[in-house]
Protein chains: 2
Amino acid sequence: MTGPETPRRRSDVTRTAILEAARERFASDGYDRATVRAIARDAGIDPSMVMRYYGSKEGLFAAVIDVELDFPDLGELDPDRLGVVLVTHFLELWERDTVLRTLLRVGVTNESGSDRLRQVFATQLVPAARAFVPDPADAERRAALVASQVLGMALVRYVLKFGPAADMSRADVIAWLAPTVQRYITAEAP
Amino acid sequence: MTGPETPRRRSDVTRTAILEAARERFASDGYDRATVRAIARDAGIDPSMVMRYYGSKEGLFAAVIDVELDFPDLGELDPDRLGVVLVTHFLELWERDTVLRTLLRVGVTNESGSDRLRQVFATQLVPAARAFVPDPADAERRAALVASQVLGMALVRYVLKFGPAADMSRADVIAWLAPTVQRYITAEAP
DNA sequence: ACTGTAGGCCAACACCCGTTGACCTCCGCG
DNA sequence: CGCGGAGGTCAACGGGTGTTGGCCTACAGT
């Protein structure tokens, strides 16, 4: 489905140039406004090469939104520090590259974008939560609460760029959000 | 502001028909995918009428995103119930009409949409927070934290439609989010 | 009854999009 | 040396977009 695992070719340079340009364009413009022509221009090649290598705009997009939340080893962790560790990890994830920003930006308007976002939620966040919640039966609900706070902060801080949210230091964000996330995961249901 | 007014001219009927169709299209499709032609078709008129009455697509959009958060009277409220009252109010707001959904959807891709969103934040949420935070100097930061949680829940529940978030009852959402919001507003800075 | 005008439709314009297929240009290998 | 194919360009197609201006029509004021 995703990722044609072809061996190394001489055209890999162009291939990755397209991918890199696409990452930035999709991240900053969203799916609709990011045109194949603009991506090709950024990559310094002809638009038709995009089609040759990725089949279609949808195919290129699918190659871009291949995201791994890539949690650290939570197994041997003091459960009281879960909130701090998770929020710290998410902040790093958002600041490291553009893929999550892309996914958020596109997930809001594009169906295949929100599909992918739901999939990441279901296959990566929910299982991670399952190991720590008091009752595995409501792991989904607790993961959704965590997602609401983490995505919400990412939204106001990195996408909408609300002044006060964007200006907060990482330490402050962690200090404020960690207790919230901690409670959503470990607290007794209200 | 917006009420059922008896149309003095025949054109007022068309005018509001366009506005109503635009509200739904922008809410469900976002700015780019909501085409003037589709809106006109929904309203049962010709696309050129949209231009006649609203000047441009951008002008029509500006008429759509006229939002009032319209807080209840918070003045004579037990400060301990602030979280519950605020979360309840926001849930009602999101479920009452489509304008906030539109704003969120468009704010993520469209510059004039996120401008408007920042403006609502600065002129309506921040002042409301200022009355309750311990130190008025960091009202902006606390309002941003509240916005991150409230917008985040709206995002996963109403826009991305994460199963567990969409299925939660209103009472459960309030029970989980109210303490968070309460803390963001009234707690001592960490 | 006549007519000016507001309300509405139709067809077209200029532009941009994703996508396609014909063509060119090297370079490695026989 | 010949040549086949990979890597790349170019121009075009069909369709959709926001927007414009000319034309029709029904009704209100005289």
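Letters A, B, ... mirror the listed sequences (proteins, then strands); counts begin at 1. Nothing here was measured: the structure is a model prediction, and the numbers come from that model. Below, all heavy atoms of this structure are taken into account, side chains as well, without hydrogens, waters or symmetry copies.
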Whole angstrom value for the distance that separates C1' of D:dG21 from CE of B:Met49: 13 Å
Aromatic ring pairing A:Trp176/B:Tyr184, orientation class (parallel under 30°, perpendicular over 60°, tilted between): perpendicular
Criterion side-chain hydrogen bond (donor to acceptor under 3.5 Å, both in side chains) on B:Gln149 and A:Ser148, from CA distance to verdict: CA-CA 7 Å; B:Gln149 176 59 95; A:Ser148 81; 3.0 Å; yes
Candidate nucleotides D:dT19, D:dG8, C:dG8, ranked by approach to the side chain of B:Val36 - the nearest: D:dT19
Nearest-Å distance for atom pair CG/P, residues B:Asp29 and D:dG16: 16 Å
Out of C:dT19, D:dG7, D:dT19, whichever nucleotide has its closest atom nearest the side chain of A:Ser56: C:dT19
Phosphate contact (D:dG16 OP1 or OP2) by B:Thr35 side-chain N/O below 4.0 Å: no
B:Phe61 CZ - D:dG18 P separation (whole Å): 14 Å
Sugar-phosphate, base or nothing in reach of A:Tyr54, heavy atoms under 4.0 Å: nothing
Neighbours of DNA chain D within residues 37-45 of chain A, by heavy-atom distance under 4.0 Å: A:Arg37, A:Ile45
Candidates B:Val146, B:Thr180, B:Leu145 - the one meeting side-chain contact (heavy atoms from CB on, under 4.5 Å) with B:Ile185: B:Val146
Integer-rounded Å distance: D:dG8 P and A:Ile18 CD1: 8 Å
Separation of atom CG in A:Asp46 from atom C1' in D:dG8, rounded to whole Å: 8 Å
Stepwise side chain to side chain contact (heavy atoms under 4.5 Å, CB included) check, A:Arg141 with B:Asp172: CA-CA 10 Å; A:Arg141 165 172 306 192; B:Asp172 279 348; 2.8 Å; yes
Nearest-angstrom distance from the residue atom CZ of A:Arg33 to C1' of D:dG16: 16 Å
Position toward the 5' end of DNA chain D (nearest nucleotide), B:Tyr31 or B:Arg52: B:Tyr31
Protein-nucleotide distance (A:Met51, atom CE; C:dC17, atom P), rounded to Å: 14 Å
Any N/O donor-acceptor pair, A:Ser48 side-chain to D:dC10 base, under 3.5 Å: yes
Over 12 foreign heavy atoms within 6.0 Å of CZ, B:Arg170: yes
Qualifying residues under ring-ring contact (aromatic ring centres under 6.0 Å, His included), relative to B:Phe26, sequence neighbours excluded: B:Tyr31, B:Phe61
Whole-Å gap separating P (D:dG16) and CG (B:Asp32): 17 Å
Donor + acceptor pair across side chains of B:Ser112, B:Glu58 (<3.5 Å): yes
